[in-house]
Amino acid sequence: MPEIVLEAHAKINLALEVIGRRGDGFHDLVSVMQTITLADSITIREAHGVEVVCSRPELGGPANLTYRAATILRSTFDINTGCSIHIEKRIPVAAGLGGGSSDAAATLIGLARLWQLDARCQDLRSIAEQLGSDVPFFLYAGTCLIEGRGDDVRRLNSGVRCWYVLANPAVPVRTADVFGALHHGDFTDGEAARDLGRRFEEGGHPRIGPNALMRPLFDLVPEARSCYERLAPLAPGRTFVSGSGPTIGALFTMRADAEAARRALGDALPWVVVAESCIPVRGAMPCA
Ligand code: C5P
């Protein structure tokens with residue numbers, strides 16, 4: 001039986017500015033996002049109905065976002081067969097790394113291949129937008145400038161490789177809670193994130209921009225602040241919160257320096273990895 005295997009990469013936010021609150025309850029953002037080598041593995045086979053099984057059993061079943069991705073794609077294209085989706089979970093959950101969104105986007109890409117659909121970028125994008133703010137980005141991958149709710153995505157040039165030490169205190173954080181704790185004073189005009197985007201376009205070395213969600217995250221989850229304080233001396237000016245956290249990242253342009261920083265952290269934190277930027281060639285993804 002044919003089977004499709006895909007890597008669903010995690011993302012980090014190198015900058016995340018919140019411009020303001022929208023009428024629909026979401027926020028307008030300007031962010032630079034990048035896919036990294038840390039990934040879940042998604043295996044898809046034909047089956048009757050739709051089934052989702054996960055290496056962490058509590059994440060399987062209809063509540064998984066991949067289940068919704070499959071059912072919406074199936075009804076949009078009027079498909080009679082179903083699919084069995086197996087997720088090998090490596091990306092921490094509710095950690096600001098976009099794991100659930102990436103799994104959902106990989107499912108759309110994998111099923112379009114398995115069912116041999118004539119699905120263009122725009123077809124998959126409109127389903128991705130229904131699934132969540134971060135899902136469209138994963139149809140592009142690489143380094144992108146994100147605007148609006150998260151669904152206005154532009155691929156940037158990003159030839160410079162970089163490595164990240166990622167650590168988190170293993171406390172799951174609900175994105176909605178962090179956005180909900182924003183104050184008016186956290187809103188900015190998006191120019192710092194756009195500047196960072198221009199830097200990528202010009203082939204400059206990556207940098208870190210501001211993240212508006214850092215203050216509310218640290219107020220809600222003191223363990224995230226402690227984690228940040230452990231990483232910051234190892235990468236001064238290059239330490240950041242990914243998305244709504246609580247994952248903290250430190251940027252390095254040399255792999256050996258990232259590995260040394262990880263060793264320096266020892267086993268004081270529950271979850272620490274080194275990951276590399278992951279930039280698929282243009283044409284390899286449905287939208288880029
Ligand atoms: O779109 P998604 O389901 O990933 O968003 C989760 C929550 O994060 C939303 O319910 C909302 O509270 C918040 N959010 C937001 N503005 C965005 C994206 C997410 O307020 N642009």
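Read the numbers this way: they start at 1 and go in the same order the structure lists the ligands and their atoms. Residues take their numbers from the sequence shown, with the count starting at 1.
The only option from R21, H27, R22 that meets the side-chain hydrogen bond (donor to acceptor under 3.5 Å, both in side chains) definition with D24 turns out to be R22. The side chain to side chain contact (heavy atoms under 4.5 Å, CB included) with V30 is formed by just one residue from the set L145, I146, L16; it is L145. When each of L59, V52, I85, D40 is tested with D103 by the rule side chain to side chain contact (heavy atoms under 4.5 Å, CB included), just one qualifies, namely D40.
Those atoms of ligand 1 with a heavy atom of G132 less than 4.0 angstrom away are 1 (O). Contact atoms of ligand 1 toward L29: 21 (N) (distance under 4.0 Å to a heavy atom of the residue). Per-residue contacts place H27 under 4.0 angstrom from the following atoms of ligand 1 (heavy atoms of the residue considered): 15 (C), 16 (N), 17 (C), 20 (O), 21 (N). For ligand 1, the atoms sitting less than 4.0 Å from at least one non-hydrogen atom of R149 are 1 (O), 17 (C), 18 (C), 21 (N), numbered in the order shown with element in parentheses.
Under the 3.5 Å distance criterion, the side-chain polar atoms of T247 are matched with a main-chain donor or acceptor of A95. Proximity of a side-chain donor or acceptor of T76 to a complementary backbone N or O of I72 within less than 3.5 Å is detected.
Annotation: atom 8 (O) of ligand 1 to nearest protein heavy atom, T175 CG2, 3.3 Å. Nearest protein neighbour of atom 9 (C) of ligand 1, counting heavy atoms only, is F26 CE2, 3.8 Å.
The side chain of F179, and not its backbone, has at least one atom closer than 4.0 Å to an atom of ligand 1 (non-hydrogen atoms only; side chain from C-beta on).
Taking all heavy atoms of S244, S133, G150 into account, the minimum distance to atom 18 (C) of ligand 1 is reached by S133.
By the neighbour-count criterion of 12 heavy atoms within 6.0 Å, atom CZ of R198 is densely surrounded, having more than that number from other residues, nucleotides or ligands.
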